[in-house]
Amino acid sequence: MTQRIAVLGATGSIGDSTLAILATHLKDYQVYALSGHQRLDKLLKLCQQFEPKRVAVPTAAVDDFAAQLKQAGLTIDVVGGAEGLIDIATDSQVDTVVAAIVGAAGLPSTLAAARAGKRILLANKEALVMAGEVMIKAVKTHHATLLPLDSEHNAIFQCLPAVIQQDNTQIHDSSHGVRKLWLTASGGPFLKQSFAQMQQAGISEAIKHPNWSMGQKISVDSATMMNKGLELIEACHLFDLPESKINVVIHPQSIIHSMVEYNDGSYLAQLGSPDMKTPIAHALSYPKRIASGAQPLDLFALNNLEFIKPDLHKFACLRLARDAMQAGTQATIVLNAANELAVEAFLHSQIRLTDIATINEQALTQVPVPALSADADIDDILAIDSLARRYTTKLIANIA
Ligand code: NDP
Ligand code: MG
């Protein structure tokens with residue numbers, strides 16, 4: 001049966017990779033809905049190519065975009081803003097939601113998809129960093145399916161037994177023998193440079209990732225290794241483990257995408273070219289497999305796979321993520337909010353790359369947030385997010 005897909009964040013890097021796969025499998029998948037935010041010219045072209053039934057754009061752009069679609073001879077329902085994204089994520093015609101909006105903006109629609117019992121292909125790691133417990137609870141209560149697109153988490157998912165893939169709490173059953181998870185990290189563009197060199201880095205150097213081609217925010221997060229910190233938190237929620245059970249190892253070649261360590265001494269790893277089409281194709285077709293278009297590995301050319309311990313002074317964001325995870329979800333919300341604003345400030349040349357960690361640390365220690373209660377919901381989370389953003393704006397002004 002044809003799977004009807006909504007790609008939220010269709011104009012981004014994950015959107016590109018997802019639609020490249022879907023374009024080659026249109027018999028099995030229907031591109032039912034798309035969303036874009038600023039790159040609406042690109043969204044229009046995607047509408048012409050895929051002819052979705054529905055599309056979401058910012059509220060202020062609805063009328064203009066609808067007129068452009070009409071002029072192009074397309075009949076597509078246009079919805080606006082956060083409500084529009086939720087409307088599409090919960091549309092009864094949609095089977096699968098690709099959650100590929102960047103940052104906190106992706107949380108409400110991703111959570112709504114979970115509550116509507118959808119199959120969710122999750123790229124938007126910030127949703128789990130902000131609302132891991134609420135998201136996982138919604139998935140379980142509403143029998144949604146959560147499949148990780150993030151290459152590391154997708155690798156770990158693939159290396160776990162099927163019973164744990166279906167129910168993450170099974171990871172605690174000692175008969176499965178899971179001892180640890182290993183997240184691999186490329187180390188980003190500054191791996192071989194000093195802290196002083198990193199301090200002087202310009203925007204173009206920071207977003208030039210050695211192995212992966214990605215959106216700007218995640219590229220900066222990779223340069224500071226905040227991305228690995230966010231992924232550590234993401235992994236805790238996806239695989240129901242404390243941060244102490246998750247190790248991070250720098251593997252600059254990005255061939256091993258992550259590993260599961262078992263108590264008999266086995267390490268199961270997933271390998272592949274650094275191409276997001278592989279994890280996306282895996283999640284789209286799970287438990288089957290489809291061709292992704294990713295280049296096969298040239299194993300004979302891989303004679304030097306390195307494994308390096310991360311320097312937590314240079315990459316303080318990774319240490320902060322562990323601290324935040326230990327402190328509780330209120331802290332991971334603060335860290336995520338502070339980081340989003342700090343990255344934006346860096347991309348606007350207001351602060352240095354290394355100031356991002358300083359701002360994140362100040363936010364974690366200074367924003368006065370009470371622990372979240374066990375029955376906290378999205379409003380409580382968004383309240384902490386707003387408070388953290390107000391504080392961080394001042395912290396950035398002090399440094400800039
Ligand atoms: P991009 O910046 O390339 O794309 C982001 C998408 O989100 C775009 O479609 C953008 O629209 C949309 N968007 C941005 N802001 C808003 C908003 N306020 N409301 C609605 N939509 C918005 O990012 P990536 O594709 O690189 O990353 C997307 C997510 O996937 C992130 O959470 C990232 O961490 C995660 N991820 C990405 C990987 C990658 O390889 N790129 C790997 C693993 C995870 P527009 O472009 O039209 O403005
Ligand atoms: Mg990743």
Side-chain angles (χ1 to χ4, degrees), residues 6-20 33-47 55-61 65 79-86 88-89 97-110 120-130 147-157 183-188 207 209 211-222 225-235 238 248 251 254 256-258 270 272-280 283 294 336 339-340 343-344 347:
V7 185
L8 302 184
T11 45
S13 163
I14 293 289
D16 285 344
S17 300
T18 304
L19 291 167
L34 297 173
S35 90
H37 192 61
Q38 287 184 323
R39 287 175 273 190
L40 297 185
D41 291 349
K42 181 170 176 181
L43 187 64
L44 183 65
K45 290 201 182 97
L46 294 175
C47 288
V55 65
V57 297
T59 310
F65 199 73
V79 291
E83 286 307 313
L85 292 168
I86 290 174
I88 284 179
V97 174
V98 179
I101 290 173
V102 62
L107 171 60
S109 52
T110 307
I120 302 166
L121 273 48
L122 184 77
N124 177 229
K125 61 192 83 184
E126 296 91 346
L128 282 183
V129 172
M130 294 176 72
L147 296 166
L149 291 191
D150 214 344
S151 56
E152 297 76 3
H153 307 74
N154 183 272
I156 288 168
F157 184 89
L183 285 176
T184 54
S186 69
I207 63 174
H209 196 277
N211 305 336
W212 301 91
S213 151
M214 310 183 285
Q216 286 204 332
K217 192 251 173 187
I218 183 174
S219 297
V220 176
D221 284 346
S222 298
M225 284 193 78
M226 186 70 241
N227 183 49
K228 212 50 54 181
L230 297 175
E231 291 185 354
L232 177 84
I233 299 166
E234 180 186 15
L238 279 174
V248 172
H251 164 49
S254 299
I256 293 177
H257 298 308
S258 279
Q270 186 259 1
S273 305
D275 185 336
M276 287 306 294
K277 289 203 288 295
T278 297
I280 296 170
N336 180 68
N339 183 63
E340 273 191 47
V343 169
E344 207 174 281
L347 288 171

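Each residue takes its place number in the sequence, starting with 1. As the structure lists them, so they are numbered: ligands from 1, and atoms in each ligand from 1.
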**Message:** Any heavy-atom pair between the side chains of Ile233 and Asn336 that's under 4.5 Å?
**Reply:** no
**Prompt:** Which of the N/O/S atoms in Glu152 sits closest to the Mg ion (ligand 2)?
**Reply:** OE1
**Item:** Ala100 near ligand 1 by a heavy-atom separation under 4.0 Å
**Value:** yes
**Fill in**
atom 9 (O) of ligand 1: closest protein heavy atom, distance to 0.1 Å, is Thr11 OG1, 2.7 Å
**Request:** State whether the side chain of Asn227 and the backbone N or O of Ile218 hold a donor-acceptor pair below 3.5 Å, judged by distance alone.
**Result:** no
**Asked** To the nearest 0.5 Å, what is the distance between CZ (Phe65) and SG (Cys47)?
**Response** 4.5 Å
**Message:** Could you check whether any side-chain N or O of His251 sits under 3.5 Å from a backbone N or O of Ile256, counting only pairs where one atom can act as donor and the other as acceptor?
**Reply:** yes
**Prompt:** So, is Gly12 polar-close to ligand 1, with some N/O to N/O distance under 3.5 Å?
**Reply:** yes
**ligand 1 N/O within reach of His37 N/O, cut-off under 3.5 Å** = yes
**Item:** Check: Gly215 N/O within less than 3.5 Å of ligand 1 N/O
**Value:** yes
**Item:** Asp275 (side chain) donor-acceptor with Lys277 (main chain) under 3.5 angstrom
**Value:** yes
**Prompt:** Are any of the N or O atoms of Asn227 closer than 3.5 Å to those of ligand 1?
**Reply:** no
**Request:** Could you tell me whether some N/O pair between Gly36 and ligand 1 is separated by less than 3.5 angstrom?
**Result:** no
**Message:** Give me the nearest non-hydrogen protein atom to atom 34 (O) of ligand 1 as residue plus atom name, then the distance to 0.1 Å.
**Reply:** Lys125 CE, 3.2 Å
**Complete:** shortest atom 14 (C) of ligand 1-to-protein heavy-atom contact is with Val102 CG1, 3.8 Å
**Request:** Give yes or no for whether the N/O distance cutoff of 3.5 Å, strictly under, is met between Ser35 and ligand 1.
**Result:** no
**Asked** Distance-only, no hydrogens or angles: does the Ser109 side chain make a donor-acceptor pair with backbone N or O of Ile86 under 3.5 Å?
**Response** no
**Complete:** atom 29 (C) of ligand 1 sits nearest the protein heavy atom Ile101 O, 3.8 Å
**Prompt:** If you count the atoms of ligand 1 from 1 in the order shown, which ones are under 4.0 Å from a heavy atom of Gln38?
**Reply:** 45 (P), 47 (O), 48 (O)
**Prompt:** Counting distance only, does the side-chain N/O of Glu340 pair as donor-acceptor with the main-chain N or O of Ala104 below 3.5 Å?
**Reply:** yes
**Request:** Please find the N/O/S atom of Glu231 nearest to the Mg ion (ligand 2) and write down its name.
**Result:** OE2
**Asked** Below 3.5 angstrom, do we get any N/O pair linking Ser13 and ligand 1?
**Response** yes
**Message:** Counting non-hydrogen protein atoms only, what is the nearest one to atom 43 (C) of ligand 1? Give residue, atom name and distance.
**Reply:** Asp150 OD1, 3.0 Å
**Request:** List every atom of ligand 1 that sits less than 4.0 Å from any heavy atom of Asn124, numbering the atoms from 1 in the order shown and giving each element.
**Result:** 32 (O)
**Donor-acceptor pair, side chain of Lys228 and main chain of Thr184, under 3.5 angstrom** = yes
**Message:** Give the atom numbers and elements of ligand 1 that come within less than 4.0 Å of a heavy atom of Gly9.
**Reply:** 6 (C), 9 (O)
**Prompt:** Does the side chain of Leu34 reach to within under 4.5 Å of the side chain of Leu19, using non-hydrogen atoms?
**Reply:** yes
**Prompt:** If you measure from each non-hydrogen atom of Ile218 to ligand 1, which part falls under 4.0 Å: side chain, backbone, both or neither?
**Reply:** side chain
**Request:** Quick one: do Lys125 and Glu152 satisfy salt bridge (Lys or Arg N to Asp or Glu O under 4.0 Å)? Show the steps, please.
**Result:** CA-CA 12 Å; Lys125 61 192 83 184; Glu152 297 76 3; 5.6 Å; no
**Request:** Only heavy atoms count here, so choose which of Ile14, Leu128, Val98 is nearest to atom 25 (O) of ligand 1.
**Result:** Ile14
**Request:** Could you check atom 46 (O) of ligand 1 against the protein and tell me its nearest heavy-atom contact, residue, atom and distance included?
**Result:** Arg39 NE, 2.6 Å
**Complete:** the Mg ion (ligand 2) -> Asp150, closest N, O or S atom is OD1
**Message:** Please check: side-chain N/O of Asn154 versus main-chain N/O of Leu149, any donor-acceptor pairing under 3.5 Å?
**Reply:** no
**Pairing of Asp41 and Lys45 as salt bridge, 4.0 angstrom limit** = no
**Message:** Is it the case that ligand 1 has an N or O less than 3.5 angstrom from some N or O of Met214?
**Reply:** no
**Request:** Take every heavy atom of Lys217, measure it against each atom of ligand 1, and state whether any distance is under 4.0 Å.
**Result:** no
